[in-house]
> 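What follows is a structure written as structure tokens; I'll ask about it next.
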4 protein chains.
Amino acid sequence: MDAEATAGDDRQESVRRFKRDLIRDAAKRVFSEKGIAGASVREIAKAAGYTTGAIYTYFATKEELYAAVLRDSLAALHAEVTTASPDGAVPGGRAEAALRALWTFYDTRRSDFELGFYLYGGARPVGLTRDLDRELNAALDAVMDHIGAGLVADGLASPEEAHHLAVTSATWVFGLLLMTKTGRLRSLHEDAEALLTTYLATLNPTMTRKDRP
Amino acid sequence: MDAEATAGDDRQESVRRFKRDLIRDAAKRVFSEKGIAGASVREIAKAAGYTTGAIYTYFATKEELYAAVLRDSLAALHAEVTTASPDGAVPGGRAEAALRALWTFYDTRRSDFELGFYLYGGARPVGLTRDLDRELNAALDAVMDHIGAGLVADGLASPEEAHHLAVTSATWVFGLLLMTKTGRLRSLHEDAEALLTTYLATLNPTMTRKDRP
Amino acid sequence: MDAEATAGDDRQESVRRFKRDLIRDAAKRVFSEKGIAGASVREIAKAAGYTTGAIYTYFATKEELYAAVLRDSLAALHAEVTTASPDGAVPGGRAEAALRALWTFYDTRRSDFELGFYLYGGARPVGLTRDLDRELNAALDAVMDHIGAGLVADGLASPEEAHHLAVTSATWVFGLLLMTKTGRLRSLHEDAEALLTTYLATLNPTMTRKDRP
Amino acid sequence: MDAEATAGDDRQESVRRFKRDLIRDAAKRVFSEKGIAGASVREIAKAAGYTTGAIYTYFATKEELYAAVLRDSLAALHAEVTTASPDGAVPGGRAEAALRALWTFYDTRRSDFELGFYLYGGARPVGLTRDLDRELNAALDAVMDHIGAGLVADGLASPEEAHHLAVTSATWVFGLLLMTKTGRLRSLHEDAEALLTTYLATLNPTMTRKDRP
DNA sequence: CATGAATGAGCATTCATTCAT
DNA sequence: CATGAATGAATGCTCATTCAT
């Protein structure tokens, strides 16, 4: 009896999780199309095949929905970066691979970058935000550690410098994303790929010397 | 008589300009406190000591208000960057001075960075926007040219590379600003000043070689 | 089970229709009291016992509300005219009956006339308007056809002349309504009923000759 | 001295009247372009070459401005109708000429008809309205008398019937104007001129018999 | 006489959230 | 669990009118 109930609970629980994810993904789609500020709960509900009120069964607040989307995005980012530059890979391009993965991840996804950086930029009401902020930081830190490990493996940094240099280089990638997403790069007639190559070259002085004798 | 009338017109005109600036500055204050998206015309009016309708005597549209604030910000940015790194200065640190000025300008002003970069982030309706976008681009371009000239003067870039390298380095500064403004830097336990120093060092291979023999 | 659900849907649907009609009727009342231009959504909502926002659950736009009221009015007009002068009636007074019904309908309803004729008077923005305009035209045409059929049945017009004469006579009735509703008739010390009788007499030359030997 | 002052007062008075008329005419122009409801005091002022506040030196209220425009329109109407069908003219077409003049006057002027009939149709706030209403009525009455005189002169009515028949026929013309101005005539595929001819024929049984033997 | 800044009430519409069913 | 009606506050903007200058 107890086991059955538990099994039933589990099934119910997993169904609930499934539906929650459905709504979360719908939200993400709407964010991409209308921008984060332009997405209303009504529209997200419609995109998910639900009515407005049903959303609140799964997310107490619009901000919780934001959080779920962001969490999902961060998990995907981590997966992508570690896949692109696995821990066991041979040295020589691990840092570059990680940084390129970081760039590609946000470049190809319409709303993820905005979600991660814009949403918590302003002086917005707090709430669940505190926890979410911690998660965002943890995810970011993990990515930094991965880049740092790559830099060490590639012989571009000592273990002590690793984190500092990882943040330095990731910062540049975020800057490039900002310039691209806001259309400034286009107006400056510069190409993201070319800039990326230039920047990565400065990371590795050996390559730099070879390229410019 | 004629002169008197003209003088009167001038006085009136300058009073108008003064009040317009008052409202613009109030808007800027509200932008800083509530974020740009969260600032309503009502609140701006209240902050300026006016009723809502009065704002429309000076700005036909909320977007025109945005424009005025942004324009003011861009003019100040340009002034600050060129002052910090004058055209006639002796080589040796002109690029660094310009980049540091870029950093300091946005670091010390609460809403200017958001204003310049996020206004065009979403899928917003257009309008006067087109013109404003052009202005923003022109201002940004002028800053890039200035940094580029510094790089050439400092012997860090050939004239052909100047623009490309200027954008590359400014991109990094913008990335740093983004990390700082969103609180990511703090959570990563990194210091903006230290990162800035690290980055500027990589710009100058001579220094780099000295630092890392 | 299925049947129950359907029944539930039906009940809900009919409740919705009922409430929609309630709002529509409240709108009509407000139109009557304040004039169509003077009626605000706020006031209509209050008259219907709702908050402002609730109106938008039933009508996406103020113009849709207009449309619903006008549609209702046109349906009632058509019903009244065809009832007053049924297709199968014996000749001799069918046209007169139809024209009198047209008169009575608009005479006794405060805002219907204004609704039908003034909504498109100004240089208003379009929208759903196009469709609504078509409906109005179709309804008017149907009434004209009915009057025309009466004229033919009564021997007052050949089938070719029917439409032309129907419009001619309906035009007069609309003129009378305009004079009445704007209070001009009263100030000219004329009586609508007497004028109507006079006009109807000119429609039928036989009667005219009898009256004036 | 006294005489001089009076002369001065007169000149001032006539200048004032002149400027008043300027504003009135500007208002009329704006009414024609934007519709009466769509005309704001600001826009009228601009069209007259004044600033907003200046209008209130000449007209205490927007409604007084309406009144002035309407008064002017009524005077013009009276002039046009009496010119088209002078008192001394030979009988035979005087009534028709007057009715045609009535039609042409309102047909060719965009806003006059709306002004005369719409403005005072609704349940609007009163005020100066009472007096204006009387003027409108007097003007209308004069036109009716003129049409009536024509009917008598043309042998279409006895002096006792004159007013009654004048109102009857003018009512039809107003109906035609309403149908035309609101676009209903076009949608019914009827032509104003043809309808007018048809109606005028029914006015004169003699002509009718000749035309349709 | 003329200006134009300022008021204050008003407008249609949107939206996150709640809750009876 | 899901619905969708309802709330209430907010938003950008317009407008007739007033009044100090």
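Naming convention: chains lettered A, B, ... in sequence-line order (proteins, then strands); numbering from 1 in each chain.
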> If each of B:Arg42 and D:Tyr50 is mapped to the nucleotide of DNA chain E with the nearest heavy atom, which maps nearer the 5' terminus, i.e. the 5' end?
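Of the two residues, D:Tyr50 wins.
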> Once you round it to whole Å, what is the distance between C1' of F:dC15 and NZ of D:Lys62?
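Whole-Å distance recorded here is 8 Å.
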> Just call it for C:Ala45: base, sugar-phosphate, or nothing, with non-hydrogen atoms closer than 4.0 Å on any strand.
nothing
> Taking the side chain as C-beta and beyond, is there a heavy-atom pair between D:Ile44 and D:Phe31 under 4.5 Å?
yes
> By nearest heavy atom, map D:Gly53 and D:Arg16 onto DNA chain E; which one lands nearer the 5' end?
D:Arg16
> Can you tell me the base-pairing partner of E:dA9? Count Watson-Crick or G-U wobble geometry only, both distances below 3.5 Å, and say none if there is no partner.
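Answer to the pairing question: F:dT14, which forms a Watson-Crick or G-U pair with E:dA9.
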> Main chain of A:Glu64, side chain of A:Thr61: is a donor-acceptor contact present, judged purely on distance under 3.5 Å?
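Absent.
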> Which residue, C:Thr52 or B:Val41, contacts DNA chain F at a nucleotide closer to its 5' end, judged by nearest heavy atom?
C:Thr52
> Which part of the nucleic acid does D:Ala60 contact within heavy-atom distance under 4.0 Å: base, sugar-phosphate only, or nothing?
nothing
> Is the shortest side-chain heavy-atom distance between B:Tyr56 and B:Val41 below 4.5 Å?
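They are in contact (side-chain heavy atoms under 4.5 Å apart), so the answer is yes.
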> So D:Asp21 and D:Arg24, do their side chains get closer than 4.5 Å, heavy atoms only?
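Side chain of D:Arg24 against side chain of D:Asp21, heavy atoms only: contact under 4.5 Å found.
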> So B:Ser40, base contact, sugar-phosphate only, or nothing? Heavy-atom distance under 4.0 Å.
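The residue B:Ser40 makes sugar-phosphate contact but no base contact.
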> Side-chain contact, heavy-atom cut-off 4.5 Å: D:Arg16 with D:Tyr58?
yes
> Just to be sure I understand the rule, does D:Tyr58 reach a base, reach only the sugar-phosphate, or reach nothing, if contact means heavy atoms closer than 4.0 Å?
sugar-phosphate
> Measure from CD1 on B:Ile44 to C1' on F:dT11 and round the result to the nearest Å.
12 Å
> Test C:Tyr66 against C:Ile36 for side chain to side chain contact (heavy atoms under 4.5 Å, CB included), laying out the working first.
CA-CA 9 Å; C:Tyr66 278 152; C:Ile36 292 169; 3.4 Å; yes
> In this structure, how many angstroms lie between the P atom of F:dG12 and the CD1 atom of B:Ile55, rounded?
11 Å
> Give me the first and last nucleotide of DNA chain E, going 5' to 3', that has any atom under 4.0 Å from a heavy atom of chain C.
E:dC11 to E:dT14
> I'd like to know if B:Lys28 and B:Asp25 make a salt bridge, using a cut-off of under 4.0 Å between side-chain N and carboxylate O.
no
> So what's F:dT21 paired with, Watson-Crick or G-U wobble, going by both distances under 3.5 Å?
E:dA2
> When the distance from CG of D:Leu65 to C1' of F:dC15 is rounded to whole Å, what number comes out?
15 Å
